[in-house]
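Quick caveat: nothing in here was measured; it's all calculated off a predicted structure.
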Amino acid sequence: MRFTLSSTALSAKLTALSRVINSKNALPILGDFLFEIDNNILYLTASDSENVMKTQVELTESDDNFRFAIGNHDMLEAIKGISEQPVTFDVSLDQNLVKISYQNGLFSLPIDNADEYPVAQPVGDFAKTITLSNSILAENINRSIFATAQDELRPVMNGIYFDLTADHLAVVASDGHKLVRNKVFSIKSDEPSAFILPKKPANLLKNLLGKDGGDVTIRFDERNAEVNYGDGVLQCRLIEGRYPNYNSVIPQNNPNEVRVDRLGLLSALRRVQPFANDSSNLVRFHVEGSTLQLDAEDYDFSKTATERMTCDYNGSPLSIGFKGNAFIEVLSNIECQDVLIQLADSSRAGLVLPSEQPENQEIVMLMMPMLLNN
C-alpha cells in the first residue's frame with residue numbers, strides 16, 4: 001500500500017500535532033501519530049488521552065484506504081530534515097513496517113496496529129455551540145492564559161472560563177491575585193452556558209490559531225469540548241466544577257484614575273522590580289499630582305530602587321502596593337499606548353484597562369493590592 005505527499009506539508013502538520021503528545025504515556029501507543037488514508041486524504045491524529053488533535057492533508061496519490069500508527073519522535077525528526085519534495089510511503093501491514101522514500105534517500109520505520117489507538121469520547125448530542133472568529137479566539141486566549149493558576153486544591157482556577165450570556169461572551173482567567181475579564185459583545189445567547197478550558201488545550205489553540213479571518217466552532221457539553229478550526233479539530237476534556245463569581249470581585253466605584261504610558265511604565269517596573277524582596281515582590285506605587293513614583297526595597301540585602309514618571313492624575317495622593325512581576329505580566333498582555341489604572345484606596349483591588357478598547361470588546365485586568373509597611 002502506497003501514498004505520496006509533500007514533505008513540508010507533512011512536516012508542518014506533524015510539528016503542530018507533536019505538541020499534544022506527552023514525553024511519558026500510560027499507553028505506549030499514545031507516543032504515536034495515527035495515519036488514516038481515505039479517498040486520497042491523509043488524516044493525522046495525536047492524543048494524550050485527554051486531548052485529541054486531528055488534521056488532514058491532501059495526498060498527491062494513494063492506491064488504497066488503510067490506517068497505521070507510527071512513533072512520533074523518529075517520524076518527526078526524519079521528515080522535518082527533508083527539503084520540499086514529494087515523499088512516498090510504502091506500507092506493509094503484514095510486516096509492521098513503512099519505507100519512506102524521497103529524492104536522495106530512503107528510511108524505514110516500524111509501525112503499530114491502528115486498532116490499538118484509543119477512540120476519543122465524542123461530545124454529547126445535546127452539546128451547545130459557540131461560533132467566533134479565529135482571530136478573536138486567539139486574542140482572548142493570549143490575553144488570558146497568563147492569569148490562570150496552578151492550584152491542585154482548586155482545579156477550576158487552572159483553566160480559562162468561557163461564560164456565554166444574553167449580553168456577551170466573557171473570557172475569564174484568575175489565579176486569585178490577578179484576574180482578566182474579556183467581554184466580546186458580538187457573541188451572545190439567550191440560553192446561558194459556560195465551560196472551563198484547561199491550560200494545555202488553550203496553549204495548543206494559541207499556537208494553532210492565526211489571523212486568517214476564518215471562523216472557529218466550539219461544541220461543548222458538561223465534560224468535553226470539540227473545537228473545529230480550519231482544516232483541524234481539537235477534542236479535549238473540560239475542567240469540571242463551578243467557577244467563582246468573578247464579577248463580584250471587580251470593584252465598581254474607583255474615583256482615582258491614573259493615565260500613564262504603558263511601555264514607559266513597563267520599562268520602569270522592569271528596572272525597579274529586581275530590587276524588591278524575593279518573597280513578597282512588593283512594589284509601592286505612589287501617585288500625586290502628575291507624578292507616579294515606583295519604590296522597591298529589600299532591606300535584608302540593603303537594596304532599594306526608586307523611579308518617577310509623568311502621568312495624568314487628578315485624585316488625592318495615594319500609595320498602594322502590588323506584586324511587581326504580576327503587574328509586568330498584566331502590562332505585557334495589553335496592546336495600547338496608554339493604560340488607565342483605576343483605584344479606590346490602598347486596600348481595594350486596582351483595575352488596569354487599555355485607554356482604547358478593541359472594537360466590540362471590553363478588557364478589564366484586576367490586581368489585588370499588597371499590604372504596605374509604612
Review point. Can you tell me if CD on E58 sees more than 12 non-hydrogen neighbours from other groups inside 6.0 Å?
Key: no
**Study point:** Side chain to side chain, V227 and V216, heavy atoms closer than 4.5 Å
**Key:** yes
Review point. Hey, mind stepping through T165 and D167 against side-chain hydrogen bond (donor to acceptor under 3.5 Å, both in side chains) and telling me if it holds?
Key: CA-CA 5 Å; T165 72; D167 300 316; 4.8 Å; no
Review point. If you measure only the distance, is there a donor-acceptor pair under 3.5 Å linking the side chains of D163 and Y246?
Key: yes
Practice item. Specify whether F35 and F33 have parallel, tilted or perpendicular ring planes, treating 30° as the upper limit for parallel and 60° as the lower limit for perpendicular. Key: perpendicular
Review point. For Q337, does the CD atom sit with more than 12 other heavy atoms under 6.0 Å from it, leaving out its own atoms?
Key: no
Practice item. Mind checking the CG-CG spacing from L282 to L372? Nearest 0.5 Å is all I need. Key: 6.0 Å
**Study point:** V87-V57 co-clustered via ILVMFWY side chain contacts under 4.5 Å
**Key:** yes
Check your understanding: Which atoms form the tightest heavy-atom contact between Y117 and D32, and what is the distance?
Key -> OH-O, 3.5 Å
Revision key, fill the gap. Between L30 and P118, the two heavy atoms sitting closest are CD2-CG, 3.6 Å
Check your understanding: Does the side chain of D338 come within less than 4.5 Å of D261's, by heavy atoms?
Key -> yes
Check your understanding: Any donor-acceptor pair under 3.5 Å linking the side chain of T45 with the backbone of K54?
Key -> no
Exercise for review: Compare all side-chain heavy atoms of L292 with those of F285 and state whether any distance is below 4.5 angstrom.
Suggested key: yes
Review point. Heavy-atom count around F146 CZ within 6.0 Å, excluding the residue itself: above 12?
Key: yes
Point to revise | Between N40 and S62, a side-chain donor and acceptor under 3.5 Å | key: yes
Practice item. Verify the cluster assignment for V123 and L204: are they in a single hydrophobic cluster under the rule of side-chain heavy atoms below 4.5 Å apart? Key: no
Check your understanding: Counting distance only, does the side-chain N/O of Q85 pair as donor-acceptor with the main-chain N or O of Q103 below 3.5 Å?
Key -> yes
Review point. Do side-chain atoms of S174 reach the backbone of K178 as a donor and acceptor pair under 3.5 angstrom?
Key: yes
Check your understanding: Distance-only, no hydrogens or angles: does the N203 side chain make a donor-acceptor pair with backbone N or O of K206 under 3.5 Å?
Key -> no
**Study point:** Test side-chain contact (heavy atoms from CB on, under 4.5 Å) applied to M365 and L331, N333, L351, L179, the passing residue
**Key:** N333
Review point. Under 30°, 30 to 60°, or over 60°: which ring-plane class applies to F185 and H168, parallel, tilted or perpendicular?
Key: perpendicular
Point to revise | Distance-only donor-acceptor check, side chains S6 and E84, under 3.5 Å | key: yes
**Study point:** Pair S279-N277, side-chain donor/acceptor within less than 3.5 Å
**Key:** yes
Review point. Roughly how far, to the nearest 0.5 Å, is CG of N140 from CD1 of I160?
Key: 9.0 Å
**Study point:** Validation row: T15, L76 side chains within 4.5 angstrom (heavy atoms)
**Key:** yes
Practice item. Mind running side-chain hydrogen bond (donor to acceptor under 3.5 Å, both in side chains) on T148 and N158 for me, showing each step along the way? Key: CA-CA 5 Å; T148 55; N158 299 341; over 6 Å; no
Check your understanding: Does any N or O in the side chain of E50 come within less than 3.5 Å of the main-chain N or O of C236, such that one atom is a donor and the other an acceptor?
Key -> no
Check your understanding: Any idea which heavy atoms bring T60 and L5 closest together, and the distance?
Key -> OG1-CA, 3.7 Å
Check your understanding: Do Q293 and T291 have side-chain N/O donor and acceptor atoms under 3.5 Å apart?
Key -> no
**Study point:** Student check: side-chain heavy atoms of I37 and F89 closer than 4.5 Å
**Key:** no
Point to revise | Under-4.0 Å salt bridge between D38 and R67 | key: no
Check your understanding: Just by modelled atom types, is the R2 backbone N or O under 3.5 Å from a matching donor or acceptor in the D90 side chain?
Key -> no
Review point. Should the heavy atoms of other residues, nucleotides or ligands under 6.0 Å from CG of N314 be counted, would the total exceed 12?
Key: no
Check your understanding: Of the non-hydrogen atoms in S280 and K323, which two are nearest, and what is the gap between them?
Key -> O-NZ, 3.4 Å
Point to revise | K99, NZ: over 12 other non-hydrogen atoms inside 6.0 angstrom | key: no
Practice item. Decide if atom CD of E152 counts as having more than 12 heavy atoms of other residues, nucleotides or ligands within a radius under 6.0 Å. Key: no
**Study point:** E226 versus N224, side-chain donor and acceptor atoms under 3.5 Å
**Key:** no
Practice item. Kindly work out whether a path of hydrophobic side-chain contacts (I/L/V/M/F/W/Y, heavy atoms less than 4.5 Å apart) joins I100 to L17. Key: yes
Review point. Once you round to the nearest 0.5 Å, how far does CG of N22 lie from OG of S49?
Key: 7.5 Å
Practice item. For the pair N65 (side chain) and N39 (backbone), establish whether a donor and an acceptor sit closer than 3.5 Å, ignoring hydrogens and angles. Key: yes
Review point. Below 4.5 Å, heavy atoms only, C-beta onward: do L266 and F327 meet side chain to side chain?
Key: no
Review point. Does R223 use its side chain to pair, donor to acceptor, with the backbone of E240 at less than 3.5 Å?
Key: no
Review point. In chain order, what residues pass the side-chain hydrogen bond (donor to acceptor under 3.5 Å, both in side chains) check against S144, with sequence neighbours excluded?
Key: N182
Point to revise | Smallest separation among heavy atoms of N256 and A344, with atom names | key: ND2-O, 3.2 Å
**Study point:** Side-chain heavy atoms of V171 within contact of V180, under 4.5 Å
**Key:** no
Review point. Okay, side chain of Q252, backbone of I250: is any donor-acceptor separation there less than 3.5 Å?
Key: yes
**Study point:** Under 3.5 Å donor-acceptor, D151 side chain and L153 backbone
**Key:** yes
Check your understanding: How about N247 and R181: does a side-chain donor come under 3.5 Å of a side-chain acceptor?
Key -> yes
Review point. Looking at residues at least two apart in the chain, or sitting in another chain, which of them share a salt bridge (charged side-chain N to carboxylate O under 4.0 Å, His left out) with R308?
Key: none
Point to revise | NZ/NE/NH1/NH2 to OD/OE distance under 4.0 Å, K13 and D231 | key: yes
Check your understanding: Looking at CE of M75 and CD1 of I111, how far apart are the two atoms once the value is rounded to the nearest 0.5 Å?
Key -> 11.5 Å
Exercise for review: Would you please indicate yes or no on a ring centroid separation below 6.0 angstrom for F220 and F162?
Suggested key: no
Check your understanding: What's the shortest heavy-atom distance between I82 and S7, and which atoms?
Key -> O-OG, 3.8 Å
Check your understanding: With a 4.5 Å heavy-atom cut-off, do E307 and M309 have their side chains touching?
Key -> no
Check your understanding: If you group Ile, Leu, Val, Met, Phe, Trp and Tyr by side-chain heavy-atom gaps below 4.5 Å, do I196 and L169 land in one group?
Key -> no
Point to revise | Pair L294-L265, side chain to side chain contact (heavy atoms under 4.5 Å, CB included): steps then yes or no | key: CA-CA 9 Å; L294 305 176; L265 178 56; 4.0 Å; yes
**Study point:** Interatomic spacing from CG in L44 to CG in L42 - rounded to 0.5 Å
**Key:** 4.0 Å
**Study point:** same_hphob_cluster(L343, M370) at 4.5 Å side-chain heavy-atom cutoff
**Key:** no
Check your understanding: Once you round to the nearest 0.5 Å, how far does CD of Q121 lie from CG of D221?
Key -> 8.0 Å
Review point. When you look at N281 and Q273, which way does the side-chain hydrogen bond (donor to acceptor under 3.5 Å, both in side chains) test go after all the steps?
Key: CA-CA 7 Å; N281 218 265; Q273 183 265 338; 3.1 Å; yes
